Amino acid sequence: MADIVIRGGTVVDGTGAAPVEADVAISDGRISEIGRVSARGREEIDARGRIVSPGFVDIHTHYDGQAVWDSHLAPSAWHGVTTAVMGNCGVGFAPCRAADRDKLIELMEGVEDIPGPILHEGLDWRWETFPEYLDALDAKPRDIDICALLPHGAVRVHVMGERGLALENANQGDIAAMRAITAEALRAGAFGVSTSRTISHRTLKGDPTPTLRAQEEELRGLAEGLRDAGGGLLELVSDWNTPDPATEFAIVRRVVQATGQRVLFSLTARHDRTEAWKDLLAMSDAAAAEGLPIRPVFPPRPIGILLGLQGSQNPFSGCASYKSIAHLPAPARAEAMREPALRARILSEDRVSGSNFPLITRLSFERMFPFGDPPDYAPPKEASIAAIAAREGRSAEEVAYDLLVADDGAGFIFAPLTNFHDYTLSASAECLRHPNAIAGLSDGGAHVGFISDGSFPTFLLAYWARDAKEQVFALPEIVRRLTSDTARAAGLVDRGVLRVGMKADVNVFDMATLGLDAPRMVADLPAGGRRLLQRPRGYVATIVAGQVTYRDGSATGALPGRLVRRAA
């Protein structure tokens, strides 16, 4: 008897092959049979009319803190993710001396919008070195598997102290120490090292991420540490403007050529540099054609901020009169803001100069939209707040203000920051046409107060394999991008494909009903912290290591997920 038999589903195996109708049997945490299964299962799942796929592998998340205190890694676990790679963008919590804990919390708070009180309450700091951090993660069962990257920011602070925070160049001794820490982390089970070179990554005080100006020799030292331990990946986010994309990409090429290590970099279509992403896509394709493993990771929809009274930001957060009521609960704030005198004062004040939000200058009413239920991530230009204001003969500020206070402050304004410069998802569609590009950047676990992109996997399936206005892609290819493609990019070889002997991480979902609810603010974090969470529809079952973790969207209580340690 098998542990589980999934009956009569349409099997999309993760390789890109055509779907087949088959049963899938699971025994001892592995796929034991695919085809017409005669054996009964201790549990049987009726998958007729449903899709059976491998579990999804998300290679860009930030569960570094949540994985310490929480066994349920929502929202990713809700959206079919069975393995998540965390520690991206150079931020994390190890290695870390006791004296540096506040520094790393401030960095995570500013870069990934995870409030400091949540981290202070949730982190127990049972570690100093990265191997000790992995041991702490290993001791806790979860509903999904996690893989960890070593954060360059933490390494730089650990080795260089205040010099690292001040963006000084690393000397030869510093680089040697970073190389040794990287190799030690890889030997303990890290999958690679991550770094950031973007000015948008700052602490809440406005200080830049310590890795911003790391020189080529320092990056090469990290990659040599990967090589010393048998190989891993270097994850990178950058503005690509020092002084231009080609010059910085050449640095990455030289590091890869010298060390043979894999590089994954974040690729977004910025609205102020509408062609740079195309150049980077072409350069990465050319590098891949030469055998250099350099791959971009792109978002399947706009990376957008949700502005609202329930969230951490709104268009008027920087106004002095708004700050005087910012402590009130959202319904009380909305009531106060409807008072004519306060409304007039807020609308008359400067929204930008008093803001602590580094992206405020990149927001425009031409790219802000009322955010409905179900949510629309590709709204037409005429639905923008600026267009509404023009039609109604009002200012855009007045339209935005009234949207915020409606429904007792429960609504949101959607403000795409990338991948929407032409008011379509054409940039994401173009990346999907490039096999070397990887679909990702969900940031699961991060940006808890104004971004809700942990739902990327569900959107990728529902939109690009069914609903897309730009181009509908074949379902097997979209499933491949969520499973074997991301697994292999991370260095995982035992999952991502439905094949006998592979790890039994499986999703069963109804393609006809697959979709997303609107995000909701939920207070379920340490210290009473709040976060945006977005539920999916259409998932029948998610299985991790042969155990059903979610059934019809609800957790079963099974916690088979573990820390996955990289093998050389």
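All figures in this text were calculated on a predicted structure; none of them were measured in a lab. Throughout, residue positions are numbered sequentially from 1 according to the sequence presented.
Taking the side chain as every heavy atom from C-beta outward, F298 and W277 never approach each other to under 4.5 Å. Using a 4.5 Å heavy-atom threshold, the side chains of E43 and D3 count as separate. With a 4.5 Å cut-off on side-chain heavy atoms, P560 and T549 count as touching. Looking at heavy atoms from C-beta onward, D443 lies out of side-chain contact with T61 at the 4.5 angstrom threshold. In this structure, V68 and W127 have side chains that are in contact, with non-hydrogen atoms separated by less than 4.5 Å. By the 4.5 Å heavy-atom criterion applied to side chains, T542 and V506 are not counted as neighbours. Annotation: side chain of P302 is not in contact with side chain of L417 (no heavy-atom distance under 4.5 Å). Considering only heavy atoms from C-beta on, T83 comes within 4.5 Å of C147 through its side chain.
I118 and P526 get closest at one heavy-atom pair: CG1-O, 3.5 Å. For L563 against L134, the heavy-atom pair with the smallest separation is CD2-O, 3.3 Å. Nearest heavy atoms, P151 versus F130: CD-CE1, 3.8 Å. Counting all heavy atoms, side chain and backbone alike, V256 lies closest to L292 at CG1-CD2, 4.1 Å. Between S32 and S27, the shortest heavy-atom distance links the atoms OG-OG, 3.4 Å. Closest of all the heavy-atom pairs between L498 and S53 is CD1-C, 3.7 Å.
Going from atom CG of L226 over to atom CG of L233 covers 7.5 Å, rounded to the nearest 0.5 Å. How far CG of N88 is from CG of L236: 11.0 Å, rounded to the nearest 0.5 Å. The distance from the CD1 atom of I105 to the CE atom of M108 is 9.5 Å, given to the nearest 0.5 Å. We find the CD-CG distance between E109 and L104 to be 12.5 Å, quoted to the nearest 0.5 Å. Rounding to the nearest 0.5 angstrom, the gap separating the CZ atom in R481 from the CD1 atom in I438 is 8.5 Å. Distance check, rounded to the nearest 0.5 Å: CD1 of I6 to CD1 of I45 gives 5.0 Å.
A donor atom on one side chain and an acceptor atom on the other are found under 3.5 Å apart for T424 and S426. Side-chain contact check for R295 and S284: no donor-acceptor pair (N or O, by modelled atom type) lies under 3.5 Å. For the 3.5 Å distance criterion, the side chains of S455 and H79 fail to qualify, holding no donor opposite an acceptor.
With hydrogens and angles ignored, the 3.5 Å screen pairs a side-chain donor or acceptor of D145 with a backbone N or O of R562. Not one N or O on the side chain of R40 forms a donor-acceptor pair closer than 3.5 Å with the backbone of V5. In terms of modelled atom types and a separation under 3.5 Å, the side chain of E235 and the main chain of L264 share no donor-acceptor contact. Side-chain N or O atoms of R466 include one that pairs as donor or acceptor with a backbone N or O of L514 at under 3.5 Å. Looking only at distances, a side-chain donor or acceptor of D64 sits under 3.5 Å from a matching main-chain atom of G87. N507 contributes a side-chain N or O that, together with a main-chain N or O of G80, makes up a donor-acceptor pair within less than 3.5 Å. A side-chain donor-acceptor contact under 3.5 Å links Q261 to the backbone of T259. The main-chain N or O of R499 is never found under 3.5 Å from a side-chain atom of D13 such that the two would form a donor-acceptor pair. A donor-acceptor distance shorter than 3.5 angstrom exists from the side chain of Q534 to the backbone of D517, with no hydrogens or angles considered. Within the 3.5 Å criterion, the main-chain N or O of E128 finds a donor-acceptor partner in the side chain of E132.
With sequence neighbours excluded, no residue forms a salt bridge (charged side-chain N to carboxylate O under 4.0 Å, His left out) with R488. Take D494 and apply the salt bridge (charged side-chain N to carboxylate O under 4.0 Å, His left out) test, not counting sequence neighbours, and it matches no residue.
With respect to the salt-bridge test (charged N to carboxylate O, under 4.0 angstrom), the residues R537 and D552 do not qualify. Of the charged side-chain nitrogens involved, none lies within less than 4.0 Å of a carboxylate oxygen, so that R48 and E21 do not count as a salt-bridged pair. Under the 4.0 Å criterion applied to side-chain N and carboxylate O atoms, D485 and R480 are assigned as salt-bridge partners. For the pair R530 and D524, the salt-bridge criterion is not met [side-chain N within less than 4.0 Å of a carboxylate O]. Salt-bridge annotation for R179 and D228: present, with a side-chain N of the basic residue lying under 4.0 Å from a carboxylate O of the acidic one. In this structure, D124 pairs ionically with R126, as a charged nitrogen and a carboxylate oxygen lie closer than 4.0 Å. One finds a salt bridge joining D23 and R7 here, because a Lys/Arg side-chain nitrogen approaches an Asp/Glu carboxylate oxygen to under 4.0 Å. Using a 4.0 Å cut-off between a side-chain N of Lys or Arg and a carboxylate O of Asp or Glu, R531 and D113 do not qualify as a salt bridge. Under a 4.0 Å N-O distance rule, the pair D70/K140 does not qualify as a salt bridge. With salt bridges taken as basic N to acidic carboxylate O contacts below 4.0 Å, one links D453 and R301.
Stacking of R566 on the aromatic ring of F191 is not recorded, the 6.0 Å distance cut-off and the 45° axial limit not both being met.
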(request) Determine, step by step, whether T458 and F509 satisfy the side-chain contact (heavy atoms from CB on, under 4.5 Å) criterion, reporting the C-alpha distance in whole Å, the side-chain angles of both residues, the deciding distance to 0.1 Å, and the verdict. (result) CA-CA 10 Å; T458 301; F509 56 91; over 6 Å; no
(request) Decide yes or no on side-chain contact (heavy atoms from CB on, under 4.5 Å) for V57 and L492, but give the supporting numbers first. (result) CA-CA 9 Å; V57 177; L492 295 159; 4.2 Å; yes
(request) Tell me, with the steps shown, if K278 and E430 meet salt bridge (Lys or Arg N to Asp or Glu O under 4.0 Å). (result) CA-CA 9 Å; K278 297 178 183 177; E430 179 62 22; over 6 Å; no
(request) Please lay out, stage by stage, how K503 and D505 fare under the test salt bridge (Lys or Arg N to Asp or Glu O under 4.0 Å). (result) CA-CA 6 Å; K503 187 172 184 286; D505 293 349; 2.7 Å; yes
(message) Before you tell me yes or no, could you show the steps for S452 and L306 under side-chain contact (heavy atoms from CB on, under 4.5 Å), namely the whole-Å CA-CA distance, both residues' side-chain angles and the distance that decides it to 0.1 Å?
(response) CA-CA 8 Å; S452 182; L306 295 180; 4.2 Å; yes
(request) Please step through side-chain contact (heavy atoms from CB on, under 4.5 Å) for the pair I146 and L73, ending with a clear verdict. (result) CA-CA 10 Å; I146 55 171; L73 293 191; 3.5 Å; yes
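If you look at F414 and Y377, their ring centroids are closer than 6.0 Å. The distance between the ring centers of F459 and F456 does not fall below 6.0 angstrom.
Taking a 6.0 Å sphere around CD of E44, one finds it holds more than 12 heavy atoms contributed by other residues, nucleotides or ligands. Counting non-hydrogen atoms of neighbouring residues, nucleotides and ligands closer than 6.0 angstrom, the CZ atom of R42 exceeds 12 such neighbours. Dense packing is recorded around CZ of R433, with more than 12 heavy atoms of other residues, nucleotides or ligands lying under 6.0 Å away.
Between H62 and H60, the angle of the ring planes goes over 60°, which puts this pair in the perpendicular group of the 30/60° scheme.
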